[in-house]
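Owing to the predicted nature of the structure, the values given are computational and were not obtained by experimental measurement. Letters A, B, ... are given to chains in the order of the sequence lines, protein chains preceding strands, and every chain is numbered from 1.
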Number of protein chains: 2
Amino acid sequence: MPTVSSEELAAAAGVNSAKLRKDFSYLGSYGTRGVGYDVEYLVYQISRELGLTQDWPVVIVGIGNLGAALANYGGFASRGFRVAALIDADPAMAGKPVAGIPVQHTDELERIIEDNGVSIGVIATPAGAAQQVCDRLVAAGVTSILNFAPTVLTVPDGVDVRKVDLSIELQILAFHEQRKAGEESAAAAADGAAAPAARRTPSTDQGPDGDVPAVMPA
Amino acid sequence: MPTVSSEELAAAAGVNSAKLRKDFSYLGSYGTRGVGYDVEYLVYQISRELGLTQDWPVVIVGIGNLGAALANYGGFASRGFRVAALIDADPAMAGKPVAGIPVQHTDELERIIEDNGVSIGVIATPAGAAQQVCDRLVAAGVTSILNFAPTVLTVPDGVDVRKVDLSIELQILAFHEQRKAGEESAAAAADGAAAPAARRTPSTDQGPDGDVPAVMPA
DNA sequence: CCATCTTTGTGCACGCGTTCACAAAGACAT
DNA sequence: ATGTCTTTGTGAACGCGTGCACAAAGATGG
C-alpha cells in the first residue's frame with residue numbers, strides 16, 4: 001500500500017507538517033501512526049471534501065475571447081466541471097461551435113439552466129451586460145457566479161459571487177517590481193514623507209497570496 | 001479642499017477604521033486631525049505606492065483565445081500597464097493585429113524585451129511551451145512573470161512568478177455550493193469518518209480571499 | 001486667545017492561527 | 001509476546017494581526 005508521511009507532504013508543499021496533520025484531522029482523514037497516510041484514500045477524501053468527485057454543470061455567458069478561452073480551458077474537466085452550455089447575445093454566434101460546443105442564444109438561458117440543473121454560472125460578458133445577465137442567471141436558479149466582467153455585481157442573499165480581475169495579479173507583480181528596482185530612489189522621488197515600512201520577506205511560492213496591501217481602490 | 005475621514009472610508013470599504021488608519025500611517029500618509037485625509041493627496045500617495053503612476057510595459061506571449069482576451073482587456077491601461085508587444089510562435093499569426101497591436105514572432109522576443117525595457121511578461125501559451133518561454137523571458141531580462149499556463153514554472157532567484165489558475169475560483173464556488181446543498185447528506189454519503197468541522201460564516205465580499213482550505217493538490 | 005469639538009495616530013489587549021513538542025498508537029523485528 | 005521505532009494526533013505556547021480606546025493635534029467658533 002503506497003503511503004506518504006505528513007513530513008514528506010509538508011516538504012513538497014512547503015508548509016509545516018504539524019499544520020498539515022491538523023488540517024487533515026479536521027477532514028477526519030485517518031492516517032496510520034508509524035506509517036503515514038494511504039495515498040489513494042487520502043486523495044479520495046480530499047477530492048470528495050473539495051467537491052471534485054461531483055459533476056458540476058456550468059454555463060459560460062459571453063463567448064468573446066475570454067469566454068472562448070474558458071471554454072477551451074482543459075483544467076475544468078479534470079476538476080469536476082462540465083461546460084453544459086455556451087451562451088452569447090449575438091445571434092450570429094448561435095450554432096457556431098466553440099471548443100466543440102455549439103453556442104446558444106441568450107433567449108435560451110433560462111431553459112438551459114433548468115434543463116441541466118445548473119447552479120454555477122460564469123460571466124464573461126462586457127461590463128455593461130454583466131448585471132443583467134447576473135439577474136437572469138439568479139432568477140433561473142443559479143446560486144454561484146464567477147464574474148470576469150469589471151463590475152461589482154449585486155445579488156440577493158444566498159448567492160455567492162467571486163470576481164476575477166485579471167489585472168490584479170499583474171498589479172501585484174508591478175508592486176514587487178517597484179520594490180526590487182529602487183527602494184530608496186522611489187522613496188526619495190516624492191516629498192520626504194515616505195516611511196519605507198518593513199515588509200515580510202517575499203514568499204517563493206506561486207500562489208495568489210503573499211504580502212499585498214489590504215486596502216486598495218476599486 | 002475635499003476630504004474623507006477614516007470612518008467614511010472604512011464604512012465604504014467594509015473594514016475597520018482603526019486598521020485603515022494604521023495602514024495609512026505605514027505609507028506615511030498624513031491626514032489632518034479633526035478634518036480627515038485630503039482626497040487628492042491620498043489618491044496620489046496610494047497610487048504611487050502601488051506603482052500605478054509608473055508606466056509598466058508588458059509583453060504577452062501566446063496569442064490564443066486567452067492571450068487575445070488579455071490584449072483586449074481594458075483594465076490594464078487604467079492600472080498603469082501598457083502592452084508593449086504580442087508574441088506568438090505561429091508564423092501565420094505574425095503581423096496580424098490583435099487589439100490593434102500586430103502580433104510578432106517568437107524570434108523577436110529578446111529584441112522586443114530589450115528595446116522596450118520590459119520587466120514583466122505574461123505567459124498565455126499552452127502548458128508545453130510555458131517553461132521554455134519563461135526561460136527566454138528571464139534570460140532576456142524579465143524579472144516578473146504572470147503565468148496562465150497550467151504548469152509550475154522554475155525560475156532563478158530574484159524572479160517573481162504568479163500563477164493564475166482560472167479553475168481555482170470555480171472550484172472555490174463549487175466548494176461553497178456543496179456546503180449549501182446538503183451538508184448532512186454529503187457527509188453521510190461516504191463512510192462514517194466525516195467530521196463536519198465548524199466553518200467561519202461566509203463573507204459577503206467578492207474578493208479572492210475568504211475561507212478556503214490551505215492545502216489542496218496541484 | 002481660549003474652549004470645544006472632531007479626527008488622527010498609536011499603545012495595548014484580545015483572539016486566532018501557526019508551530020512546537022510530546023504522548024499515544026500502531027507497525028515491525030526479534 | 002515484548003520492545004523498539006516511526007509517525008500520527010493534539011494540547012499548549014508563542015507570535016502576529018486586528019480592534020479598542022484614548023491622548024495628542026489641529027480646526028473652528030466665540
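Within the 4.0 angstrom heavy-atom criterion, only backbone atoms of the sugar-phosphate kind lie near B:Ser6; the bases stay farther away.
B:Gln171 places no side-chain N or O within donor-acceptor distance of the main-chain N or O of A:Leu50, the cut-off being under 3.5 Å.
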Could you give me the CA-CA distance, side-chain angles and deciding distance for B:Ser6 and B:Arg21, then say whether side chain to side chain donor-acceptor pair (under 3.5 Å) is met?
CA-CA 6 Å; B:Ser6 62; B:Arg21 286 198 298 278; 2.9 Å; yes

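Between A:Glu7 atom CD and D:dC5 atom P there is a gap of 19 Å when expressed in whole angstrom units. Computed from coordinates, the A:Arg33 CZ to D:dG9 C1' distance equals 5 Å when rounded to whole Å. The interatomic distance linking A:Tyr30 (OH) with C:dG26 (C1') rounds to 15 Å, in whole Å. Following rounding to the nearest Å, B:Asn16 (CG) and C:dT7 (C1') show an atom-to-atom distance of 15 Å. Following rounding to the nearest Å, B:Leu9 (CG) and C:dG9 (P) show an atom-to-atom distance of 12 Å. C:dA27 atom P lies 13 Å from atom CG of A:Asp38, rounded to whole Å. Taking atom NZ of residue A:Lys19 and atom C1' of nucleotide D:dT8, one finds them 17 Å apart after rounding to whole Å. If you measure from atom CG of A:Asp23 to atom C1' of D:dT8, you get 14 Å, rounded to the nearest angstrom.
Summarising the geometry of B:Glu169 relative to A:Leu146, their closest heavy-atom pair is CB-CD1, 3.5 Å, with the distance given to 0.1 Å.
At least one side-chain nitrogen or oxygen of A:Tyr37 sits closer than 4.0 Å to the OP1 or OP2 atom of D:dG9. Look at A:Lys22 and you won't find any side-chain N or O under 4.0 angstrom from OP1 or OP2 of D:dT10.
Heavy-atom distances to DNA chain D give each of A:Val35 and B:Ala18 a nearest nucleotide, and the one nearer the 5′ end belongs to A:Val35.
Ring-plane geometry between A:Tyr73 and A:Phe76 is classed as perpendicular, the angle between the planes exceeding 60 degrees on a 0 to 90 degree scale with a lower cut at 30.
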